[in-house]
2 protein chains.
Amino acid sequence: MSTILDIAKLAGVAKSTVSRYLNGGSVGEATKKKIEQAIKETGYSPNPFAQSLKAKKTNIIGTIVPRLDSYASSQTLIGIDEQLKKMNYQMLISNTSQSLEREIESIYSFANQKMAGIILLATEITDQHIQAFESVKVPVLLIGQEHEDFHSLIHDDFHAGYAMGRYVLEKGYRKIAYLGVTERDISVGVKRKQGFKKAIQEVADCDVRFYETLFNIPAAQESAKEIIDEFQPAIFVCATDNIALGVLKASYSEGITIPEDLAVTGFGGYDVTGIIHPGITTAKFFYKEAGESAARHIVGLVNERNVEKLTVSKFEIIERESVDNLFKRPL
Amino acid sequence: MSTILDIAKLAGVAKSTVSRYLNGGSVGEATKKKIEQAIKETGYSPNPFAQSLKAKKTNIIGTIVPRLDSYASSQTLIGIDEQLKKMNYQMLISNTSQSLEREIESIYSFANQKMAGIILLATEITDQHIQAFESVKVPVLLIGQEHEDFHSLIHDDFHAGYAMGRYVLEKGYRKIAYLGVTERDISVGVKRKQGFKKAIQEVADCDVRFYETLFNIPAAQESAKEIIDEFQPAIFVCATDNIALGVLKASYSEGITIPEDLAVTGFGGYDVTGIIHPGITTAKFFYKEAGESAARHIVGLVNERNVEKLTVSKFEIIERESVDNLFKRPL
DNA sequence: TTCATATTAGGAACCGGTTCCATTTAAGGA
DNA sequence: TCCTTAAATGGAACCGGTTCCTAATATGAA
């Protein structure tokens, strides 16, 4: 591997001149030619460590993600990555396997590695997170959770919840099981439910019960089975698509047909909800677009441009076969 | 951020002594104490760029992946990542969005960034790949494709194909559509088919036709529709789970019931094949375990230990509802 | 006590860039 | 033609570590 000094010697100039050439300083035409020639001959390319050492900063955005094997994560990462590439930044992924402790470690580790900025695909913001973000002097952007102290990009969980509530009511459903998750997850556990509740409160005669389960399919399946036995809802409104899939599995094993005997909705817009049969009605979020937007934001922050503190990403209700129109049913 | 010089001053020693302390050289007891104390006070942690600049090497394994949003990719990445962490290495992901050109770029870029080793989740090995690997002096490991010049870890596509063939025949199917992919993908397009063919050749009276489609679900759905019209197979043996999902969609829209009117099998063992109803019979590969194994291999190569050139990862046939037992059907 | 040999510690060079500063050269104005 | 000013270039210091070499100190054997 050749160094800047090799180029300098080959071109017969000082290495400072080569450096200036590379970084757009003032260099004469004749010298430019010689340096270009030397670089072409050797295939020289600067050592990024030497550059970062001096600059005390990289052009890398560290991205902390709780898991790699989720539709939301991978789509978001793809969006971030593609947009960063366009802006000549790199993305470095740290997968924490849903360990909050590893999240904290990653923050410090990214700071130590002189990342230009940090994006956190957040599930829960603890005091430790806040302390870590404040002690490292690196720009930070949260995705998926909102926090007053930091820049964040969230999905419109509240309005998605509201729209889903309206949708379900308009289809004629009144006996509803809302299958949510822990309230420690503000976006998924609180906001979606609040939006949904608001829609419910606007009509009378609703029999709605609220339940809580975990994020994974088997847990949701188990919960659904119990709820079906005790409450016999006409519809499950699930806080995530995975939970909806759990409900689907439960209904298969109970011999309940969808949507005739039981309707189901989800949140997320995961690919799988459209692949399976019946397709699941869901509130689709635009993860990839959100990732792209996040990339632009963090680069804005890195370059100390003015960036809105809170950005809200859109959603869309996708109608599929898992919900029937009760008003159109033959009597 | 404090530097090694700050620590040296605080402890009243030379910075070379601090460096020796950090790297396990000979340091007296009293000095050790002082340095420990200074490090604790400042929270010092070495600048990785300065270290890498001198060492001309990092402890990072660059991993090139054609896409992030596939079950196989994400599981493999998780396996690599977890194992590397255990061995005190880091993983850096480069997503190429299925562009071969970007794959080549990534190889050179990783070399330039002094990666200790490179793992490529390969789909196709071109001359450009070979040239790139040979010109950078970095250890390389291929996953998913085999090449005589490089170390590789592959799934046992041939035997999985054979086992799937045997399975299908044992269930009594004889009118079979094999829905494969391009032969440029040796593992998926050639090996699986060859294994399957071998099984077929062992029995008489088989009516098997071979088709080719793309990797994505809509394309597979389209192909399946045509094949159903022209050939009316009793079963689709699909080269990937995604293709099997396409067949499923096609049969829904054609009003064909699975497995009564048409059976389907896949390869891969994607989560979704077990979530949906009917579940898809598939040859499951152990992506995460393969990733872990790959991590151990590349680290072995980096440390110039002797590593087998070719490793074959296991598979398992998972029986689900998408295939019937024709021999047990009532007449 | 003296000499040989380990241990321990410090100083300086080096890794490969960037940047500041001083000097030379060229160009333009008077 | 001479002087001022701008452009082009080289030299040296610096970023924060590691490592080699040498010197000082301690240890143990004779």
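In what follows, every chain begins at residue 1, and chains take the letters A, B, ... in the order their sequences are listed.
- When the nucleotides C:dT8, C:dG17, C:dT18 are ranked by their closest atom to the side chain of B:S26, C:dT8 comes out on top.
- Within the 4.0 Å cut-off from OP1 or OP2 of C:dT18, at least one side-chain nitrogen or oxygen of A:N23 is found.
- Nearest nucleotide to the A:K54 side chain, out of C:dG16, D:dC14, C:dG10: D:dC14.
- Side-chain atoms of B:A50 lie closest to D:dG16 of the nucleotides C:dC15, D:dC14, D:dG16.
- Closest to the side chain of B:N47, out of C:dC15, D:dG16, C:dT8, is D:dG16.
- Put simply, A:T17 has no side-chain N or O that comes within less than 4.0 Å of OP1 or OP2 on D:dT9.
- Rounded to whole Å, atom P of C:dC15 lies 22 Å from atom CD of B:Q113.
- In the set C:dG17, D:dT9, D:dC15, C:dG17 carries the atom at the smallest distance from any side-chain atom of A:K15.
- At whole-Å resolution of the value, NZ in B:K114 and C1' in C:dG17 are 12 Å apart.
- Regarding contacts with the backbone of D:dG10, every side-chain N or O of A:S16 stays at 4.0 angstrom or more from both OP1 and OP2.
- Comparing atom distances between the B:A14 side chain and each of C:dG10, C:dA9, D:dA8 picks out C:dG10 as nearest.
- Out of D:dG17, D:dC15, C:dG17, the shortest distance to the side chain of A:I4 is found at C:dG17.
- A heavy-atom distance below 4.5 Å is not found between the side chains of A:V138 and A:F110.
- Distance A:Q51 CD to C:dT19 C1': 14 Å, rounded to the nearest Å.
- A:F49 places its CZ atom 15 Å from the C1' atom of D:dT18, with the value rounded to the nearest Å.
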